Colleague: 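The structure under discussion is supplied below as structure tokens; questions concerning it will follow.
These numbers come from the heavy atoms of this one structure, side chains and all, not from hydrogens, waters or symmetry mates. All values reported here derive from a predicted model rather than from experimental measurement.
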Amino acid sequence: MTRIAFIGAGSVVFTKNLLGDILALPALRDVEIALHDIDSDRLRTADAMAHWVAGERGAAPKISTHEDRLAAIDGADFVVNMVQIGGHEATLRDFEVPARYGVRQTIGDTLGIGGIFRTLRTAPHMLALGHEIAELAPHAWLLNYTNPMAALCELVYQGTPTKQVVGLCHSVQGTVHDLAELVGVPADEITFLSAGINHQAFLLRFEHEGESLYPRLDELIAGDVDLQRRVRVALYRRFGYFQTESSEHAAEYVPWIMRHDEELERYRVPVDEYLRRSEDNLIEFQRVKEALARGEAMPLERSNEYAATIVNSMVTGEPSVIYGNVPNTGLIPGLPEGTCVEVPCVVERNGLRPTQVLDYPPHLAALNRTYANVVELTVRAVLEGRPDFVRIAALLDPSTSATLTLDQVDALCDELTLAHGSLIPAMLRPDGVEEEVGVV
């Protein structure tokens, strides 16, 4: 029986979507599902959700719950990681402390000062998870959904014995779907190729019946003032390829937007957007919990996430193609070796095989390297115990460096380290700092 461990299963809406996808597939209807969360209330709700989804799908999985993570991982074939270390309170700190220094963020979960410190407070979990999988489920694949995607995957495959790691996101397939609607072509008729780094990958091919759809997109943009007021469109018009993550994310990965009031207005950038989403998630959890208790029906549709596709291909041998985040082993020659890159991957019974993208445009690689620099130094800060690398990562971050002076960056890093307390790896924080923040 295939065993799938969900780490951070208390993210119940996401758990519902992934389980709904998995249990809809004939070969996976009787899998073993091991749910783990350190919050007992969320774990009970995840258990109720899993049983509800199984009933809706007419499936018969074996479902178990575990407050002990080791028990959930033991013997797993797949480990799905979707945690948020520090929960809503840590997110508040990632936004509120930088805001006092004048640093504005939109999502703050991937790059920027928020992405750096989200990496630091998630690093102990990822390193422990990698070692636990190597010991208790050495043949398992780690399917990571937690951001910052590139940094966390790098931490696992560079800092633990676990090498069967793939980071999963919905940005590529979501962008193709959105652009398909925009240009008026069914998404399933579009041929596309994407590559880069997660949240800063680009559609290198975007075609229908052998013809590029970019000229049609250009015409639509030229005639639509609303489209022209999007960050991704502004970047597309300069770099020539469409980025696969939202304008909210894209704005804080570059130095040209967040510090300028007029650009925020021009491109309608929602500052502090993730704080609002985080608060909405708390409300949504309570709503779903109460709906489950009342036995209410809720939507259960196939999502565009890749987890079920990967599990199905490896179990049945039916090949599939997904976009995965994997180590750069010559896959994109213009990017540093070992960097976590997002490329097409073929999945089959024997595992996952990434595809080389040898003709990646040099100007896209140049932009990606400004992103990869921050990721590499943050990862090295953790693995080598170098607090100075945390500061240098922040100094090299495009948006942070465009906003702050040298001394301000140092002060901000010190204050955020103290604010997060013992969530930060011990070797990266001053002695005696032991304040704990809730972990979800």
Side-chain angles (χ1 to χ4, degrees), residues 106-107 110-111 169-271 273 303-306 321-323 332 334-335 341-344 355 357-371 398-399:
T106 54
I107 307 297
T110 297
L111 213 60
C169 184
H170 50 241
S171 59
V172 172
Q173 57 270 43
T175 296
V176 170
H177 180 271
D178 291 345
L179 288 181
E181 286 192 345
L182 190 60
V183 299
V185 175
D188 60 2
E189 295 181 13
I190 288 178
T191 301
F192 66 93
L193 171 66
S194 175
I197 300 180
N198 179 242
H199 286 189
Q200 200 181 67
F202 295 88
L203 290 177
L204 307 180
R205 292 176 61 198
F206 179 53
E207 300 172 353
H208 182 241
E209 297 180 345
E211 296 291 330
S212 175
L213 289 168
Y214 272 138
R216 188 181 306 185
L217 181 61
D218 293 338
E219 291 177 10
L220 290 168
I221 291 170
D224 190 329
V225 175
D226 183 70
L227 283 175
Q228 295 168 20
R229 295 185 63 195
R230 297 184 185 181
V231 174
R232 278 203 290 181
V233 170
L235 295 175
Y236 162 62
R237 297 177 85 178
R238 288 160 175 83
F239 285 85
Y241 298 91
F242 207 83
Q243 187 170 331
T244 61
E245 189 44 82
S246 68
S247 291
E248 290 86 352
H249 284 83
E252 59 186 4
Y253 301 163
V254 295
W256 313 300
I257 306 294
M258 300 302 295
R259 65 165 294 185
H260 302 287
D261 291 342
E262 64 277 13
E263 296 299 272
L264 294 178
E265 172 64 25
R266 179 184 181 185
Y267 295 115
R268 298 167 296 176
V269 177
V271 176
E273 171 65 18
S303 77
N304 63 358
E305 304 293 349
Y306 285 131
V321 176
I322 62 102
Y323 276 81
I332 302 180
L335 295 181
V341 294
E342 188 171 73
V343 294
T355 302
V357 182
L358 298 178
D359 56 350
Y360 193 64
H363 60 298
L364 300 184
L367 180 63
N368 286 156
R369 287 195 293 270
T370 68
Y371 181 129
S399 185

Colleague: Tell me if the NE2 atom of His177 is crowded by more than 12 foreign heavy atoms within 6.0 Å.
Modeller: no
Colleague: Could you please spell out the steps behind the salt bridge (Lys or Arg N to Asp or Glu O under 4.0 Å) verdict for Asp261 and Arg266?
Modeller: CA-CA 9 Å; Asp261 291 342; Arg266 179 184 181 185; over 6 Å; no
Colleague: Say whether, by atom type as modelled, one donor and one acceptor occur between the side chain of Tyr214 and the main chain of Phe242 under 3.5 angstrom.
Modeller: yes
Colleague: Counting distance only, does the side-chain N/O of Ser247 pair as donor-acceptor with the main-chain N or O of Val231 below 3.5 Å?
Modeller: yes
Colleague: To the nearest 0.5 Å, tell me how far Leu227 CG sits from Ile221 CD1.
Modeller: 6.0 Å
Colleague: State whether the number of non-hydrogen atoms from other residues, nucleotides or ligands found under 6.0 Å of Glu265 atom CD is greater than 12.
Modeller: no
Colleague: Looking at every non-hydrogen atom in both residues, tell me the closest pair between His208 and Val185 and how far apart they are.
Modeller: CD2-CG1, 3.4 Å
Colleague: Distance-only, no hydrogens or angles: does the Asn198 side chain make a donor-acceptor pair with backbone N or O of Val341 under 3.5 Å?
Modeller: no
Colleague: Indicate the atoms forming the closest heavy-atom contact of Glu263 with Ile257, along with that distance.
Modeller: CB-O, 3.9 Å
Colleague: Is it true that, when you exclude Glu211 itself, more than 12 heavy atoms of the residues, nucleotides or ligands shown sit nearer than 6.0 Å to its CD?
Modeller: no
Colleague: Of the non-hydrogen atoms in Tyr371 and Ile197, which two are nearest, and what is the gap between them?
Modeller: CE2-CG2, 3.3 Å
Colleague: Quick check: closest heavy atoms across Ala222 and Gln228, and the distance to 0.1 Å?
Modeller: O-NE2, 3.3 Å
Colleague: Let me know which of His249, Glu252, Glu273 forms a side chain to side chain donor-acceptor pair (under 3.5 Å) with Thr106.
Modeller: Glu252
Colleague: Do Asp226 and Arg268 sit within salt-bridge range, that is, some charged N less than 4.0 Å from a carboxylate O?
Modeller: yes
Colleague: Taking the ring centre of each residue, are Phe206 and Phe192 less than 6.0 Å apart?
Modeller: no
